[in-house]
Amino acid sequence: MTTQTRLVPILGTDNASCIGDVVFVHGLGGDALSTWHPQGKKEKANSWLTWLGEDLEQVGIWTINYAAEP
């Protein structure tokens with residue numbers, strides 16, 4: 001299965017008063033969502049990326065999806 005490389009918006013990415021962006025990059029064998037989720041689920045909700053975005057309201061939180069087989 002081929003994974004298309006793309007930025008995945010998490011929270012605050014459409015905020016006009018954004019002062020910066022943070023992009024999270026997973027490692028080998030990971031993916032854009034499950035790497036950052038405490039139970040390894042592929043969802044944005046209840047991940048620490050979402051929690052960070054809630055704490056840093058003026059920062060856009062992104063992750064990147066790309067193929068990274070070990």
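- The structure places CG of Leu52 at 9.0 Å from CG of Leu11, a figure rounded to the nearest 0.5 Å.
- Here the side chain of Asn65 pairs no donor or acceptor atom with the backbone of Val8 at under 3.5 angstrom.
- Each of Val23 and Trp48 belongs to its own hydrophobic cluster when Ile, Leu, Val, Met, Phe, Trp and Tyr are linked at side-chain heavy-atom distances under 4.5 angstrom.
- Nearest heavy atoms, Asp31 versus Trp36: O-NE1, 4.3 Å.
- Tracing side-chain contacts under 4.5 Å through hydrophobic residues (I, L, V, M, F, W, Y), one reaches Ile10 starting from Trp51; they form part of the same cluster.
- Summarising the local packing, CD of Glu57 is surrounded by 12 or fewer heavy atoms from other residues, nucleotides or ligands at distances under 6.0 Å.
- The shortest side-chain heavy-atom distance between Lys44 and Leu33 falls under the 4.5 Å cut-off.
- Expressed to the nearest 0.5 Å, how far NZ of Lys42 lies from OG of Ser47 amounts to 14.0 Å.
- The two residues Gly60 and Cys18 make their nearest non-hydrogen contact at N-SG, 3.4 Å.
- Using a distance-only test at 3.5 Å, with no hydrogens or angles considered, no donor-acceptor pair links the side chain of Thr5 to the main chain of Tyr66.
- In terms of heavy-atom proximity, His26 sits nearest to Ala32 at CD2-N, 3.6 Å.
- Minimum interatomic distance between Ile61 and Leu49 (heavy atoms only, all atoms of both residues): CG2-O, 3.8 Å.
- Following chains of ILVMFWY side-chain contacts shorter than 4.5 Å, one can reach Ile19 starting from Val22, so the two form part of one hydrophobic cluster.
- To the nearest 0.5 Å, atom CH2 of residue Trp62 and atom CG of residue Asp21 are 6.5 Å apart.
- The shortest non-hydrogen separation linking Gly27 to Ala68 is O-CB, 3.8 Å.
- A pairwise comparison of heavy atoms in Gly40 and Ser34 identifies O-CB, 3.0 Å as the closest pair.
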